[in-house]
Amino acid sequence: MFIDTHCHLEDDKFTEDRAEVLTRARAAQVERIINFGSTLTSSVAVVELAKKFPELYAGVGIHPEEIDDFDAKTCATLAELVTDKVIAVGEIGLDYHWEKDSERRLIQQKIFIEQLDLARQLKLPVCVHDRDAHGDTLKILQTEARDLRGVLHCYSGSLETAKEVWKLGWLIGVDGPLTFKNSAKLPEVVKATSRDMLLIETDAPYLAPTPYRGKRNEPTYVVEVAKKLAELRGETLEEVAAYTTANAKALYAI
Ligand code: NI
């Protein structure tokens, strides 16, 4: 079986056919799917979906591109959403690709740290978004999250950064970009990753892997990421399925 450890099935792009998407995932042996909120509204939505479908789990949090959605009460509101199907805080982190303003980047850092505190209070692991902010993300993990566990989702950093992440006991999550021709450093990073530090994910509806690139992504396609990992690492698909599933179960206690 496979677990898609990072997805956004609450997205409008699934309104028409969400049940069929889940049927296809089941047929492809993608047996568990974790949806992550980006705003308060989407956090509520992923929790509702997790109540409705047994194979769905949820993470709640405010994404760094959505900091205007965050105020003094937000962490308390997120905490109130927690049920036994809410298994993480995320996705939270830093995005310097879309945010160029230095003041607002500081606000992202502050909100990231506050939500790491929330994870600590709730005793939950963390799913981190880091886009073009590898240095500051690592610094915050090293100073503010030593007692927490989590994953750098959709990993796009260097092998050097990954080694520091692993030292903290954090994992890296790999998505569709691994299958792209211009996947840059990622193949070298995954070849050097030990089995216990890897998760597979889709980030659907975004980032569909080859041969679906450019289309709407969905959990079924996590198998394409697993196939690419198997090819690059000289493993069988069954091996990749087994250890990535074991890692997801261990991190998220599902
Ligand atoms: Ni995401």
Side-chain angles (χ1 to χ4, degrees), residues 2-7 34 36 59 61 63-64 88-97 105 108-109 112-113 115-116 119 125-203 206-207 209-210 222 224-235 239-252:
F2 301 91
I3 299 181
D4 180 358
T5 60
H6 189 108
C7 192
I34 308 172
F36 282 93
H63 189 286
V89 170
E91 56 178 294
I92 64 173
L94 303 175
D95 193 314
Y96 293 175
H97 180 80
R105 285 181 174 184
Q108 283 190 5
Q109 291 177 26
F112 181 23
I113 292 168
Q115 292 183 97
L116 288 170
V126 184
C127 180
V128 168
H129 171 104
D130 159 23
R131 189 157 184 209
D132 295 349
H134 309 314
D136 283 347
T137 301
L138 184 61
K139 199 166 68 193
I140 288 174
L141 293 185
Q142 287 170 332
T143 54
E144 308 285 341
R146 285 203 165 268
D147 56 329
L148 298 174
R149 281 206 80 204
V151 58
L152 254 66
H153 116 84
C154 199
Y155 189 74
S156 58
S158 65
L159 180 56
E160 289 65 37
T161 302
K163 284 178 179 167
E164 296 302 316
V165 171
W166 299 327
K167 271 188 210 162
L168 297 168
W170 283 52
L171 287 73
I172 62 170
V174 184
D175 315 52
L178 183 67
T179 67
F180 298 170
K181 281 210 175 70
N182 57 347
S183 56
K185 316 161 258 194
L186 195 52
E188 295 315 311
V189 174
V190 300
K191 281 192 229 172
T193 308
S194 72
R195 285 186 170 193
D196 54 342
M197 290 297 166
L198 269 175
L199 294 182
I200 50 173
E201 44 181 67
T202 59
D203 210 10
Y206 315 105
L207 296 173
T210 305
V222 81
E224 301 301 322
V225 178
K227 280 184 195 163
K228 190 69 190 182
L229 272 180
E231 177 195 319
L232 287 166
R233 291 164 56 84
E235 296 164 340
E239 285 174 303
V240 174
Y243 68 74
T244 56
T245 295
N247 294 343
K249 285 183 174 177
L251 177 63
Y252 290 123

Evaluation steps, side chain to side chain contact (heavy atoms under 4.5 Å, CB included), between Asp196 and Tyr243: CA-CA 7 Å; Asp196 54 342; Tyr243 68 74; over 6 Å; no
From CA spacing to verdict: side chain to side chain contact (heavy atoms under 4.5 Å, CB included), Thr202, Leu207: CA-CA 7 Å; Thr202 59; Leu207 296 173; over 6 Å; no
Side chain to side chain contact (heavy atoms under 4.5 Å, CB included) between Leu171 and Arg149, worked out: CA-CA 8 Å; Leu171 287 73; Arg149 281 206 80 204; 3.2 Å; yes
Gap separating the CD atom of Gln109 from the OG1 atom of Thr137, nearest 0.5 angstrom: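 Answer rounded to 0.5 Å: 8.5 Å.
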Rounded distance [0.5 Å steps], OG1 in Thr245 versus CD1 in Ile3: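 Nearest 0.5 Å value for the OG1-CD1 distance: 4.5 Å.
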Sub-4.5 Å side-chain heavy-atom contact between Thr5 and Ile200: no
Heavy-atom donor-acceptor pair, [X] side chain to [Y] backbone, under 3.5 Å:
X	Y	value
Ser183	Leu186	no
Asp175	Pro177	no
Gln108	Asp95	yes
Arg233	Leu229	no
Asp203	Tyr206	no
Thr179	Pro209	no

Set of side-chain hydrogen bond (donor to acceptor under 3.5 Å, both in side chains) partners for Lys181, sequence neighbours left out: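 In terms of side-chain hydrogen bond (donor to acceptor under 3.5 Å, both in side chains), with neighbours along the sequence ignored, Lys181 is linked to no residue.
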Test side chain to side chain contact (heavy atoms under 4.5 Å, CB included) applied to Val190 and Tyr155, step by step: CA-CA 10 Å; Val190 300; Tyr155 189 74; over 6 Å; no
Salt-bridge present ([X], [Y]; N to O < 4.0 Å):
X	Y	value
Glu188	Lys185	no
Arg195	Glu235	yes
Lys163	Glu160	no

Arg105 charged N/C atom sitting above Tyr96 aromatic ring, 6.0 Å / 45°: yes
Under the ring pair (Phe, Tyr, Trp, His ring centres under 6.0 Å) test, residues paired with His63 that sit two or more places apart: His129
Aromatic ring pairing Phe36/His6, orientation class (parallel under 30°, perpendicular over 60°, tilted between): parallel
Residues in salt bridge (Lys or Arg N to Asp or Glu O under 4.0 Å) contact with Lys139, at least two apart in sequence or another chain: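 Per chain and number, Lys139 pairs via salt bridge (Lys or Arg N to Asp or Glu O under 4.0 Å) with Asp136.
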